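Taking it in order: structure first as structure tokens, then the write-up.
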Amino acid sequence: MSAPETINLLIKARWIVPVIPENKIFEDCALAIDKGVILALLPQEEAEKRYAPAQTLNLGNHVLIPGLVNAHGHAGMSLLRGYADDIPLMQWLNDHIWPAEGQWVSDQMVRDGTELAMAEMIRSGTTCFSDMYFFPEQAAQAAQQAHMRAQINFPILDFPTAWGSGPEDYLHKGLALHDDFRASPLVRIGFGPHAPYTVSDEPLEKIAVLSQELDAPVHIHLHETAQEIADSEQQYGKRPSVRLLELGLMSPLTQCVHMTQVNDTDLALLEQTGAHVIHCPQSNLKLASGFCPVQKLIDAGINVALGTDGAASNNDLDMFSEMQSAALLAKAVSGQADALNAHRALRMATLDGAKALGLEETTGSLEVGKAADITAVDLSALDMQPLYNPVSQLVYTNCGHRISHVWVGGKALMLSRQLQTLNERELIGKARWWRKQIGR
Ligand SMILES: [Zn+2]
């Protein structure tokens, strides 16, 4: 028998749900990790014979899953959590959020808000997030420093904000940022045109050309409300989706956030272009925006990822409660109790998110050769008992506060609920300081 192979880390767990192979739960197995990559998923006895790990972790009451992918948010906005509630989208934006942002958004606000958001995301099992907010260079640096995987989308709007004077300025700054992070293993820079109703044709056309040239993603709020469709039909004589298609903006690089309004034309258009949909059920519910027909999209072969949206419209960044909402809402909207079953909901929050962000070769499942982006959930507590099926527990019992360990690329971001790359106490202090400044 050959000598055991030296590796960095062996994680033994009661259950492992790798997402691929689909619908599979491994019991009493282990993940072997070396140089940040998954080497093997194998029975614990075999792992002990085959490997000499520098470190072994025994998680006897836990399930290991791929780190969750939060495919849409505005991390900097976590400092506006609970700032304005119970108001419909356009009134919420026009009368509350945009004026507050006009007054308070700065590089420091975005840095502190993003770190607060990342700490919350790590604590609830998220390892990768897609973000759209002002001062994206702050979010990109913060993600890299905290060792989270991220797609940072720089905003583009017709009007000036604290970050820029108009479309040309936003594009100029964003392209420089794209250049700065070209070689980053963790952070990818994308285009973030806010929405069809805040960006006119000319900059959208430019974005279409540049994103193809750079092979960079385009992240856009689309078909969030029925009003958006009605306004577009009046102003442009067409639906926003058709307008984007004609401007060359619908492709596999495009991530359409929300899509609560989907007719047969939209369905065919998404299917033919390979654009992705990002579903944000709790934000849509809270702002009374509408219901995304998730099961219908999935049945048509369209990739649907999951996102929390910003903390100002959710009001948390917990992907487990988002998964639960998505699974429940899909059943209500389709009238089918088997719509978005538990395994499928978990896949939507992991692999399908990675796919939407173009990261399916790197993350989203616990497969050999992929990055060791792993979340461990402790299922020993009273509210997890009795346990017949760990995947049922993951999706339907709201267990985001039961996350114990989180790794990205084999590096620990949380061990036994202690953050390793961010300072929890310091962040609470900063959030309280901002609360005093922003007032209400
Ligand atoms: Zn959003």
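Given the structure is predicted, the values throughout are model-derived calculations rather than measurements. Just so you know, ligand 1 is whichever comes first in the structure, and atom 1 is the first atom listed for that ligand.
With respect to the Zn ion (ligand 1), His221 has NE2 as its nearest N, O or S atom. Nearest to the Zn ion (ligand 1), among the N, O or S atoms that His74 has, is NE2. Note on Asp309: its N/O/S atom closest to the Zn ion (ligand 1) is OD1. Within His72, the N/O/S atom positioned nearest the Zn ion (ligand 1) carries the name NE2.
Under a cutoff of 6.0 Å and an axis angle of 45°, Lys173 and Tyr170 do not form a cation-pi pair.
Applying side-chain hydrogen bond (donor to acceptor under 3.5 Å, both in side chains) to Asn315 and the options Arg81, Gln282, Lys286 leaves one that passes, Lys286.
Between His221 and His194, the distance from one ring center to the other falls under 6.0 angstrom.
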>> Run Lys296 and Asp299 through salt bridge (charged side-chain N to carboxylate O under 4.0 Å, His left out) and show every step you take.
In response: CA-CA 5 Å; Lys296 205 170 158 186; Asp299 289 344; over 6 Å; no
